[in-house]
Protein chains: 2
Amino acid sequence: MTEYATTRIQRKNQALIFEAALDVFSSFGFRGATLDQIASTAGLSKPNLLYYYPSKEAIHSAVLTKLLHTWLAPLRELDENGDPIEEILLYVINKLHAARDLPRESRLFANEIVQGAPRIKSILETDLRHLVEDKVRILRKWIKQGRLAKIDPYHLIFSIWSLTQHYADFDVQVQAVTGQETSFDEAEVFLNHLYRRMLAP
Amino acid sequence: MTEYATTRIQRKNQALIFEAALDVFSSFGFRGATLDQIASTAGLSKPNLLYYYPSKEAIHSAVLTKLLHTWLAPLRELDENGDPIEEILLYVINKLHAARDLPRESRLFANEIVQGAPRIKSILETDLRHLVEDKVRILRKWIKQGRLAKIDPYHLIFSIWSLTQHYADFDVQVQAVTGQETSFDEAEVFLNHLYRRMLAP
DNA sequence: GTCTATAGCCTGATAGAC
DNA sequence: GTCTATCAGGCTATAGAC
């Protein structure tokens, strides 16, 4: 009974810490984030925070690895057996919605990568690279079959990442320039036009 | 005579500090950068560094404001009297070359903006916004004249920023995924295809 | 103008009471 | 499991000798 209660508290605190860490790391990057901020955001004391994780590095690593799977899910869904252009468009829209609904996740990775990805470089070179290679193979097949414009499949994927994540990572600039809340509906119309035109064989 | 010599030393040190600060701030962001790093990169002692600038904030601010003009130059060149598609393509290629030749500048701003642009938000809301508004006016005119596809001009500009700066800001990811040095020639071919297809009326 | 030395603060992490 | 108290180290910035 006591053990169940304890476990429930632990799970709740784990979740609080995770949310707080995502908030703070995505806003300030690894170096800019402080344990004080994370602890107070989670409603815990700093030593209590370090009871659950041994170090700042461990918290950051836990958040990154847990979210990487979520973050790469849309690309995994690109289906070899679907219609090329509709499959790519679906990926674009899914990524755009991810930028809208999960901006903290986007900025978490953006912060890490723009500073040279010191803590996830090896994952990028293995997991991400293998996933992209598999999808590049599919794209090359579609191009060979004449169902897609003759474009570099790597740069196509990079373009989708940059165009969609821009609305999350550089949102403050988008809002500063337009003077309005970022319109993801407008972005969707724009990207739909862009990729339909560009991908047609 | 002594004054001339002194001034020459000052100018040299100013230049050394500027280069070092750009190096360090662009690699680690404001919070991640340390005066120790900047001083040793510049070949100066830390107190000597602070003889030239009163604070870390002042160094960062000096670098940002000095580079902002350079950074926005390509957009300023967009010429109302030129051919719409060639003018936009020229801007795209100029921005891509800027990402290739000035990656530190790109990352300096990326670091600042991804963390909410606390130190340059007001500039984004005034100078950058006014510049973009002027160019949006030109783009709208071209669209009205039927010389350009009916697209949202703001999102067109955002797309150029994100697609080109991606190769500088997320270079480590591009290299991790492709396993090679980033090919700006390939990127140029890709972007040329993309914008010609997309912009045709 | 440039240095050594150091103040004063903040940060990550630990000790030990409860 | 959670707290208060605290340490050791790194940080920005300053004082003062030369």
Side-chain angles (χ1 to χ4, degrees), chain A residues 1-64 108 111-112 115 118-119, chain B residues 1-64 108 111-112 115 118-119:
Chain A
M1 174 70 185
T2 309
E3 237 182 47
Y4 282 142
T6 308
T7 303
R8 220 182 301 134
I9 288 172
Q10 281 185 336
R11 261 202 280 271
K12 192 188 154 196
N13 281 343
Q14 295 269 12
L16 283 172
I17 291 170
F18 189 86
E19 275 297 302
L22 176 53
D23 253 26
V24 176
F25 281 130
S26 66
S27 297
F28 304 104
F30 180 77
R31 193 66 153 59
T34 70
L35 292 180
D36 266 320
Q37 279 178 293
I38 298 172
S40 79
T41 303
L44 298 173
S45 68
K46 196 161 47 167
N48 199 8
L49 176 64
L50 289 166
Y51 167 80
Y52 287 94
Y53 288 94
S55 69
K56 180 182 180 180
E57 194 95 34
I59 303 174
H60 189 249
S61 167
V63 175
L64 276 173
L108 181 77
N111 260 302
E112 176 70 9
Q115 295 191 9
R119 286 164 288 268
Chain B
M1 174 68 185
T2 309
E3 235 183 50
Y4 283 141
T6 306
T7 302
R8 219 181 304 134
I9 288 172
Q10 281 185 336
R11 263 203 280 270
K12 190 187 157 197
N13 280 344
Q14 295 270 13
L16 283 173
I17 291 170
F18 188 86
E19 273 297 302
L22 176 53
D23 253 26
V24 176
F25 281 131
S26 66
S27 297
F28 305 105
F30 179 77
R31 193 63 155 60
T34 70
L35 292 179
D36 265 319
Q37 280 179 295
I38 298 172
S40 79
T41 302
L44 299 172
S45 67
K46 197 160 44 168
N48 200 7
L49 176 65
L50 288 166
Y51 167 79
Y52 287 93
Y53 288 94
S55 69
K56 181 181 178 179
E57 195 94 34
I59 303 173
H60 189 248
S61 168
V63 175
L64 276 173
L108 181 77
N111 260 301
E112 177 70 8
Q115 295 191 8
R119 286 164 288 268

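Chain identifiers are assigned alphabetically (A, B, ...) following the order of the sequence lines, protein sequences preceding nucleic acid strands; residue numbering begins at 1 within each chain.
Rounded to an integer number of Å, the gap from A:Glu57 CD to C:dA13 P is 8 Å. Across the protein-nucleic acid pair, B:Ile59 atom CD1 and D:dA13 atom C1' stand 11 Å apart, rounded to whole Å. Distance, B:Leu44 CG to C:dT4 C1': 16 Å, rounded to whole Å. Summarising the geometry, the separation between NZ on B:Lys46 and P on C:dA5 is reported as 14 Å, rounded to the nearest angstrom. The OH-P distance, from B:Tyr52 to D:dA13, rounds to 18 Å in whole Å. When the C1' atom of D:dT12 is taken as reference, atom CG of B:Asp36 falls 10 Å away, rounded to whole Å. Rounded to whole Å, the distance from NE2 on A:His60 to P on C:dA13 is 13 Å. Taking atom OH of residue A:Tyr53 and atom P of nucleotide C:dG12, one finds them 17 Å apart after rounding to whole Å.
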- Query: Checking side chain to side chain contact (heavy atoms under 4.5 Å, CB included) for the pair A:Gln14/A:Tyr53: CA distance, chi angles, key distance, verdict?
  - Reply: CA-CA 9 Å; A:Gln14 295 269 12; A:Tyr53 288 94; 3.4 Å; yes
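Rounded to the nearest 0.5 Å, atoms CD1 (B:Ile38) and NZ (B:Lys56) are 7.0 Å apart. From A:Leu50, atom CG reaches atom NZ of A:Lys46 across 8.0 Å, with rounding to the nearest 0.5 Å. For the atom pair B:Asn48 CG and B:Ile17 CD1, the distance stands at 7.0 Å (nearest 0.5 Å).
Checking D:dA5, C:dT2, C:dT4 against every side-chain atom of A:Pro47, the shortest atom distance belongs to D:dA5. Here the side chain of B:Thr34 is nearest to one of C:dA13, C:dT2, D:dT12, namely D:dT12. Among the nucleotides D:dC3, D:dA13, C:dT2, the one closest to any side-chain atom of B:Leu50 is D:dA13. You'll find that the side chain of A:Ile9 is closest to D:dT2, out of D:dT14, D:dT2, C:dT11. Among C:dC3, D:dC11, C:dT14, the nucleotide with an atom closest to any side-chain atom of A:Arg31 is D:dC11.
In this structure, B:Ala58 reaches neither bases nor backbone, as no heavy-atom distance under 4.0 Å exists between it and the strands shown.
Ring geometry, A:Phe25 versus A:His60: the interplanar angle exceeds 60°, so the pair is classed perpendicular (tilted spans 30 to 60°).
If you find the closest nucleotide of DNA chain D to B:Ser55 and to A:Asn48, the one lying nearer the 5' end belongs to A:Asn48.
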